Amino acid sequence: MSQTFSPSEHVYSSETTIVDNNHENSNSFLVPKSPSSSPPSIPIAHEESGNKLVKEIFFRVKDRVKKAFFKGKTLEDLKTLFCQKFNEFPKDIEIQFLIVEKGTGKETQVVDVNMIKEHQEILIRHEYNEETRKRSQGYTGLDKEKIVLVMVGLPARGKTYVARKICRMLNWMLVPAKVFNVGEYRRLRIGAGQPHDFFDPHNPEGIKARLHMAVAALDDMISWLHNGGRVGIYDATNSTNERRQLVEKRCQREKMTVVFVESICNDPDVIEHNIKETKLLSPDYQGVDPSKAVQDFRDRINHYMKVYETVDGESTRYIKLFDVGKKIEVNNITGYIPSRVVFFLMNLHLHPRPIWLTRHGESEFNASGRIGGDSDLTERGDNYAHQLAVWISEWCSNIRANGYDGEVVVWTSSLKRAIRTAQYISQPKVVMRALDEIDAGICDGMTYEEIQEKMPDERAARDSDKLQYRYPRGESYEDVIQRLEPLLLELERTKHPVLIVSHQATLRCLYSYLLGKVKEECPFINIPLHTLIQLTPKAYACEEKIYKLAN
């Protein structure tokens, strides 16, 4: 049975650049590198028992291994040698030395240095190991099925816009997704600027060429899915049952689940907007007179309309999107990812509005170089709060002069410094715990120098993978992304301008979604203090403006 939903609201997308800063003050724990130490040239003597007085050994701390030459007689001598090799560890740290049995992995604590053999690898456990955590892996799903979303619809119905929006959402949710656009294959392999009769269903050469491009894109998508991809989005008109069956049968042979996503638009204003705002900017019409380009594209649409067949069938999995989200019809949809796609599409809309991102004003912890906490604003931070309120007030006055109501939705985190930053803004405010800064766990309130001194192993783990690194008893960036997902859908649904007053880690995650950044870039995006970032979603990108409001 098919179901029809009529959502009241909907959403957007984008693109931009990056640098780095820290989650509150820094990108990484700055640790001076240990001076490289070459093994001393010591002649190896032997005791009467045949054991060497000097033994070559290897210290292992997680994934770091260093060679050393041990000639001591006690565990204290062994610890001294270890601290020489890993001089970032405090000398008063409690250390366990372990020998790991090859094959079984059995660990035996070193209680006597005579247990140590030549070329022995010694695993080090220290007092901070109890606080270390497994890396987060993001959402992997309850199953491992490969999903193909097959876009369907006439030209200028928003298929590519929808496809890119879905892809961006899934990748942000840490589900590997990729769009395979048949039009891009055509432009790359045959050339842009093909006249409208190339798309005529009675043009045998055009049919053959377009089929060849469709199969090439399909082959590449299937190969990508077999090599680590999770959701392939096949973006083409796919306007006939025959073409859709070709795609579906091929995917079914590869044991992949196919869901058709059909964009149906009967609103002439939306169609006209799509033609002028998107298609005229296409490589197909570069350098072409706008009036001639519009007519050619309308002729192309007419060719497709002659053979267009809508998706149907009781057993067919499909999602039908009417007039970019005014109504949604779904049939035979099951599973986590298809259901999330439906929910996401229910929130799509085409209302342009700015989204502003800003960190709180300078806090007392910022000034002292400490991370996390719930400190108040400094005098500089309070000054920024005033400047932000003035800027928003002036923007609202200007927009009212153009006939709009000037209402702005203000969201802040639940932390004092964010709430205080928004306190002078006259617009209604909503406090959201999902916008709180990344939880630094036991590192909360510490400086990076203190973390370096007391937990050097954490520094190495964070530097090796900042996206998945989780603070002991705290969060990772992937954890932050997961808790922001409901807020993201609300952001997409909201048609009013939105001001988000939050923190660097959370804003990095939201910024990376809006601008379509790959997940690995997220922890390194620069979100400076006392700066307002304005993002205005467009059809295929985001227009970005930066306003420095205070020092």
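Source: prediction; values computed, not measured.
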Contact between [X] and [Y] at the side-chain level, heavy atoms closer than 4.5 Å - yes or no?
X: V518; Y: N171; result: no
X: Y511; Y: E544; result: yes
X: T160; Y: N181; result: yes
X: R157; Y: I271; result: yes
X: L510; Y: L484; result: yes

(request) Would you mind listing every ring pair (Phe, Tyr, Trp, His ring centres under 6.0 Å) that reaches into residues 367-389, with sequence neighbours excluded? (result)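 Only Y384-H530, H386-Y424 qualify under ring pair (Phe, Tyr, Trp, His ring centres under 6.0 Å).
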(message) Check for me whether K85 meets the cation-pi criterion with F59, that is, NZ or CZ under 6.0 Å from the six-membered ring centre and within 45 degrees of the ring axis.
(response) no
(request) Would you verify whether the NZ or CZ of K66 falls within 45 degrees of the ring axis of F86 while also being under 6.0 Å from that six-membered ring's centre? (result) yes
(request) Under the side chain to side chain donor-acceptor pair (under 3.5 Å) rule, collect the residues that match up with W356, sequence neighbours excluded. (result) Q534
Using only heavy-atom distances, determine whether the side chains of [X] and [Y] contain a donor-acceptor pair under 3.5 Å.
X: E362; Y: T378; answer: yes
X: E458; Y: Y471; answer: no
X: D479; Y: S476; answer: yes

(message) Between the side chains of E485 and R340, is the shortest nitrogen-to-carboxylate-oxygen separation below 4.0 Å, so that they form an ion pair?
(response)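 Result for this pair is yes, salt bridge flagged.
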(message) salt bridge (Lys or Arg N to Asp or Glu O under 4.0 Å) for R483 and E475? Distances and angles first, verdict last.
(response) CA-CA 11 Å; R483 70 164 150 95; E475 290 182 303; 2.9 Å; yes
(message) Atom CG of residue position N551 - does it have more than 12 heavy atoms of other residues, nucleotides or ligands inside 6.0 Å?
(response) no
(request) Using atom types as modelled and distance alone, determine if a side-chain donor or acceptor of S393 lies under 3.5 Å from a backbone N or O of A389. (result) no
